[in-house]
J.: 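If you scroll down you'll find the structure; I have some questions about it.
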Amino acid sequence: MIAAESTELFVGPRTALLQVVRVTSPALAGPVHAHVSGPGLHSPRHGGSLVPGPFGYEVPVDVSEHPPGAVVPAQAVVRSAAGEDSCTFSLVVGSPGWTVHLVGHVAADAPFPVLRAHLDLALTDPAYRFAVTSVELLQPYWDTFPKHRSLLLRLISEGRVEVVGSPSNVVGVTPVLSSLPSGAELAASSLDEAERAVYSSFLALRPAASSPHVMLPVGPPRSMPSPWMAPIHHDWHRRYTWPRIICSLPRDYYVRGSVPVPPPPIDDSPAAVFASHASRLTGAAYPSAALERAAVAHPREAFDLHSDVIARSLDALTSTVDSSVVVWNPLSVPCTDIVSVHLPAPRNVHVSYDGSALPTLVDGVTVTFLARDVPACGWRTCSLVEDNADHGWKRGYGNEIASTHHVLSYDPIASLVAVDGPALEPPRLTGPVTVWHSEVGEKMVGSSTFTLWHEVDHLGPSRLVGVLGSRSPAEGSLPSVKARLAVAGPPLGPVSPAVTPVYARYWLHEPAPLGGLAANVHLEVLGPTRLRVVAMSDGPEFEGVVRLVLPDGWSASWDSLPVSLPPGGYVAAEVRLEGPRTPGCHPVRAILEGPPFEVCDVVLLTVPEWDFEDPVEVLWVASSPSLVSVAPGSSSVLRVVLASGAHGDLPVLAWVLSPRETWDLVGPFRVSGVLPGQGRLALDFAVSAPAWATAGSWPAVVKVAAGGLARTTPVIRLEVSMDHRD
């Protein structure tokens, strides 16, 4: 018994195309001959024997008398050593002219050997091309292998490598795309199986295509190049005319395929919205470096950068007046939400707009109120009015709270929480519970506090920002405010790293430094007493000095190397070392002086232990607290002590990693220091609870890095305690 079906495959010259019909049967034996007949269908009756292809026995059929999409009744007849058999089927006339663009790609955090493998394949097979989906990978790679820079630039200029990502990149090209979707892995055991997988993807993607082109990113973005991409490119071209399947680049798909290029993502974060208008209206520089860094940074660092930009921007847009509050809305639509501001000292006030009192909650120095219909991308100035009324929380009864959108009920028997209203995940809450009411909302307090705000349909942070001060007129939208000549104000965000020196191999632990890295230095170990020092420019021409820092008792053939580099250039120099044969680890540092901040690289030279016992640990956490507790309005120190058994100083970085609720509580996010050889170093983070802080307890850890080494402290409990005692 045989089966036949039409495909979207075409063979033959483009002026005389033949559509492929796939014929399969488990009983076929020996030479196979087949033909297809039907109204307006023609195929040779006495052609040569068929050779199985990736899709079975493939019969070419002339369908030129029918338009694409037509359904034609057809019969397939097959002769083989097993005899003759036939079947009827519906032949759907295909659409020639399609191209499938296979795009290999490498992501920002892929290991260096992955990029090297893609490069080697491109050099071995001129048909292979690939995309680098972030310049975050390119700069670390050619800072480590500067001799490959010219190779990469040549492949880019030849259209065999494409950079996808930020328009301002170290390559000096303008990317077509800001990002590339993750690819499908061609997990196949044979070339035929891989080709069938690509064809299936083509059929799935084709209905949504706006032109006869589909793009198929291939492979996970951090993996080696697919072994099937180039073979498919070559084999498919020998077999079929349409669809074309080629190794390609995103640029080929969008430009040559006349496919609409998707618009780059718009940064509509409150920081970007407020900064753009503050820059336009005050002349202050837009914080491009800070916002670009925030887009790729750790969420905690991104939070700090956004908070800094928002504070600076709103400070530039707001006049300082203690008797009023400006409510800012970064959204493109009017917004009703709650707003909180913190007063310098407790005051009994309510909030008023246009002479009408707004629902207000006064809780210590925190004033929370409901701001209605704040203009899109605009502001509203409200007054703080002294009065004698009680605007605080009032104790209620029962086990239920409600707002205009939700009802929250607590069952003390089952300890289960129920929420009525729009979709909402019930909070984790155990009793006993108390309920409290205010003009602005209601709260339930048990093992945690859960608040429902009136007229607010969400539970996340407020979308509005409140600032003590005023702005005239009392209400408006920033896009409608005309810019006028203004003296440039202070920067709207940081422009350089907060922690220096910058570590040359920053990519081991975090993205590129804020503001970019104009030049870098790299140490390479050539032997027990031989190093290669490489200094490279990643921007304009550069002049500086590389200075070596050696452990006690060591000497070098040189300790200072002046460098003068053209744009994109590099210089390498070998250095010979002499030192004691003391067993253990001996750090050598290279410091590049000349950029706006120092850049440092370190390598660890190891002298083997004589007695073959376990070597002394190079870096460890000597002590860290198990608990840091503060009361509202007080501060404490989170101190981590590091120790080293190395015979020389080690530069170290440390990050405090903790939940989102603590990001205003503990900081800074990152600190640095130099750990003395066979000594100790204390690194301090501040834990500061504002006067309006509420009780809570959260876990945190401190991550420490020294070159390629990384250590983590045991869990540290951060606590805000209402009954804390010093």
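Side-chain atoms are counted along with the backbone in the values below, which use heavy atoms only and exclude waters and symmetry mates.
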J.: I need the full list of ring-ring contact (aromatic ring centres under 6.0 Å, His included) pairs touching residues 361-385, with sequence neighbours left out, sorted by first then second residue.
T.: W328-W379
J.: What residues, two or more places apart in sequence or in another chain, satisfy side-chain contact (heavy atoms from CB on, under 4.5 Å) together with D337?
T.: C335, V456, H458, S462, R463, L464
J.: Which residue pairs satisfy the side chain to side chain donor-acceptor pair (under 3.5 Å) criterion with at least one member in residues 259-278, sequence neighbours excluded?
T.: D267-S269, H277-R280
J.: With a cut-off of 3.5 Å and sequence neighbours excluded, list every side-chain donor-acceptor pair involving residues 447-454.
T.:
residue	atom	partner	partner atom	Å
S447	OG	T430	N	3.0
S447	OG	T430	OG1	3.2
S448	OG	R428	O	3.3

J.: I'd like to check the ring pair (Phe, Tyr, Trp, His ring centres under 6.0 Å) partners of W663; sequence neighbours left out, ordered by chain and number.
T.: F303
J.: P513: which residues meet the side-chain contact (heavy atoms from CB on, under 4.5 Å) condition with it, sequence neighbours left out?
T.: P497, V502, Y506, L517
J.: Applying salt bridge (Lys or Arg N to Asp or Glu O under 4.0 Å) as the test, list every pair that has at least one member in residues 355-364; sequence neighbours left out.
T.: none
J.: Could you work out, with salt bridge (Lys or Arg N to Asp or Glu O under 4.0 Å) as the rule, every residue matching R372, not counting sequence neighbours?
T.: E455
J.: Which pairs with one or both residues in residues 405-426 pass ring-ring contact (aromatic ring centres under 6.0 Å, His included), sequence neighbours excluded?
T.: none
J.: Using residues 393-402 as the side-chain source, report each donor-acceptor pair under 3.5 Å to any protein atom, sequence neighbours left out, with the distance given to one decimal.
T.:
residue	atom	partner	partner atom	Å
K394	NZ	D390	O	3.1
K394	NZ	G392	O	3.4
E400	OE1	S409	OG	2.8

J.: Going by the rule side-chain contact (heavy atoms from CB on, under 4.5 Å), which residues pair with V495 if we only count those two or more places apart in sequence or in a different chain?
T.: none
J.: Tell me every residue that passes ring pair (Phe, Tyr, Trp, His ring centres under 6.0 Å) with H509, counting only those two or more places apart in sequence or in another chain.
T.: W655
